There are 2 protein chains.
Amino acid sequence: MHSTPTDRRRGEATRAAIRAAGARLFAEHGFQDTSVRDIAREAGVDPALVIRHFRSKERLFIETMSVEDPARSIVEGPLEQLGEAMVAGTLARSDRAKKVYTALMRAADHEEVRDAIARANHATVIAPLARRLSGHDAQLRAALVSAQLNGLLNTLWMIEDEAVTRVPTEVLITEYGRALQVLIDG
Amino acid sequence: MHSTPTDRRRGEATRAAIRAAGARLFAEHGFQDTSVRDIAREAGVDPALVIRHFRSKERLFIETMSVEDPARSIVEGPLEQLGEAMVAGTLARSDRAKKVYTALMRAADHEEVRDAIARANHATVIAPLARRLSGHDAQLRAALVSAQLNGLLNTLWMIEDEAVTRVPTEVLITEYGRALQVLIDG
DNA sequence: GTCTATACGACGATAGAC
DNA sequence: GTCTATCGTCGTATAGAC
């Protein structure tokens with residue numbers, strides 16, 4: 001009937017194990033190629049518990065595909081060189097951040113994933129950047145800078161277009177940074 | 001034993017019906033939400049024939065998700081205003097072109113789809129643009145312009161971020177066109 | 001050769017017993 | 001909270017009729 005303290009503690013341990021397994025497997029193999037049964041096996045629990053605790057594979061994915069490493073810092077620094085700084089700061093992010101970004105983008109078939117992506121973009125890039133911009137259409141220009149940045153990341157991390165992946169990072173920072181700077185300057 | 005003319009004609013008609021059904025359903029509902037059985041029903045054909053004729057759902061998707069409406073024209077016009085022209089030309093593309101783009105991007109979980117996207121980018125944007133650019137790193141700058149453009153399209157069509165979708169097209173053309181122009185000018 | 005019928009193994013998710 | 005058994009659906013393969 002009632003859940004005892006022991007029950008609750010066991011449940012929390014199970015939840016944590018499932019979450020850890022999901023965080024690892026989704027980042028490594030993506031949403032589609034990671035099955036609920038894979039996660040259960042990695043967590044050492046019954047497959048039914050994955051759904052029981054997280055309601056659906058999709059919800060576990062969204063809850064799991066996030067990074068503590070805050071991207072907020074990429075909109076800091078002198079405004080006059082922020083374009084380059086944003087590209088450099090993004091390309092220098094952790095390996096996990098790249099994998100999470102890629103996994104999210106490649107799962108954009110799912111509406112709730114798209115919403116999560118949009119929310120993350122606003123929270124980590126658009127809103128803090130818009131606060132720093134002056135001049136006309138600050139909000140819009142911030143959103144377009146975010147779109148630009150995502151364009152580069154998609155080419156580099158999601159599509160992995162060889163024409164761009166083999167270019168030295170410093171060149172990308174200089175060239176693409178100039179393009180961002182135009183919208184930052186307004 | 002041997003295939004009669006009647007056999008061959010029947011087979012071609014079946015193939016065409018499956019292709020047409022796939023072209024419609026994939027564009028409308030995406031890769032994931034369109035089942036092989038849906039396509040077979042729409043085509044008035046046995047589900048096994050879909051695989052028999054196209055080897056896999058993924059191959060039918062890639063073969064089907066293309067547009068005759070050539071995007072090549074978006075890299076034409078005076079170089080000094082090509083940035084704006086590219087944005088304008090892209091945003092003015094057919095409704096089918098938008099749906100195909102969205103369907104492809106949302107199916108990027110599949111490696112062969114990513115390859116198809118990269119090939120399309122090179123054939124329709126990067127290569128023809130690189131041919132027109134002069135100065136340093138023409139090939140790279142063309143690839144980065146393509147990345148920028150895809151960034152806008154992803155925000156607009158794939159993620160459908162409201163902060164950008166509700167902005168008037170003319171504003172997007174002016175603002176984002178300026179950013180493209182920087183890399184076009186070099 | 002085209003097609004029909006049937007089946008396989010894996011999937012996400014659920015009901016109900018403990 | 002956990003586990004077993006199972007459901008309906010999926011992409012795909014194939015045997016055999018025409």
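What you see below is based on every heavy atom in this structure, not just the backbone, and it leaves out hydrogens, waters and symmetry mates. The model shown is predicted, which means the values in this text are computed figures rather than measured ones. Here is the naming used below: chain letters follow the sequence lines, and residue numbers restart at 1 for every chain.
- In this entry the distance linking CZ of A:Arg37 with C1' of D:dA5 reads 12 Å, nearest Å.
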Show me, pair by pair, the donor-acceptor contacts under 3.5 angstrom made by side chains of residues 43-54 of chain A, not counting sequence neighbours?
unit_1	atom_1	unit_2	atom_2	d
A:Asp46	OD1	A:Ala48	N	2.9

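- The side chain of A:Ile51 lies closest to C:dA13, out of C:dA13, D:dT2, D:dG11.
- Listed in residue order, the members of residues 56-65 of chain A having a heavy atom less than 4.0 Å from DNA chain C are A:Ser56, A:Lys57.
- In this structure, A:Thr64 OG1 and A:Arg24 CZ are separated by 13.0 Å, a value rounded to the nearest 0.5 Å.
- Remark: P of C:dC3 and CZ of B:Phe54 are 12 Å apart, rounded to the nearest angstrom.
- Counting any heavy atom pair closer than 4.0 Å across all strands shown, A:Thr14 reaches sugar-phosphate atoms only and no base atom.
- Whole-Å rounding puts the B:Ile18 CD1 to D:dT12 P distance at 13 Å.
- Among the nucleotides D:dG11, C:dC11, C:dG1, the one closest to any side-chain atom of B:Asp7 is C:dG1.
- Here the C1' atom of nucleotide C:dT6 and the CG atom of B:Asp46 are 10 Å apart, to the nearest Å.
- Atom-to-atom, CZ of A:Arg41 to P of C:dG12 comes out at 11 Å; the value is rounded to the nearest Å.
- Note on A:Met158: it clusters hydrophobically with A:Met65, by side-chain heavy-atom contacts below 4.5 Å among ILVMFWY residues.
- Looking at B:Lys98 and B:Glu160, no side-chain N of the basic residue comes within less than 4.0 Å of a carboxylate O on the acidic one, giving no salt bridge.
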I'd like a table of donor-acceptor pairs (distance under 3.5 Å, sequence neighbours excluded) in which one partner is a side-chain atom from residues 135-144 of chain B, with atom names and distances.
unit_1	atom_1	unit_2	atom_2	d
B:His136	NE2	A:Glu175	OE2	3.0
B:Arg141	NE	B:Leu183	O	2.9
B:Arg141	NH1	B:Ser134	O	3.0
B:Arg141	NH1	B:His136	O	2.7
B:Arg141	NH2	B:Ser134	O	3.3
B:Arg141	NH2	B:Ile184	O	2.8

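- Note on B:Asp95 versus B:Lys99: salt bridge recorded, some NZ/NE/NH1/NH2 to OD/OE distance being below 4.0 Å.
- Between the side chain of B:Arg10 and the base of C:dG1 there is no donor-acceptor pair of N/O atoms closer than 3.5 Å.
- Residue B:Val45 is the one, among A:Arg55 and B:Val45, whose nearest nucleotide of DNA chain C lies closer to the 5' end (criterion: closest heavy atom).
- Comparing D:dC10, D:dA13, C:dT14 by their closest approach to the side chain of B:Ala48 singles out D:dA13.
- In this structure, B:Phe31 has its ring center closer than 6.0 angstrom to the ring center of B:His110.
- Donor-acceptor pairing under 3.5 Å, judged by distance alone, is absent between the side chain of A:Arg52 and the base of D:dG1.
- If you take NE2 of B:His110 and C1' of D:dC10, they are 13 Å apart, rounded to a whole angstrom.
- Looking at heavy-atom distances under 4.0 Å, A:Thr6 makes no contact with the nucleic acid at all.
- For A:His53 and C:dA13, the NE2 to C1' distance is 15 Å, given to the nearest whole Å.
- In this structure, B:Gln32 places its CD atom 14 Å from P of C:dC11, rounding to the nearest Å.
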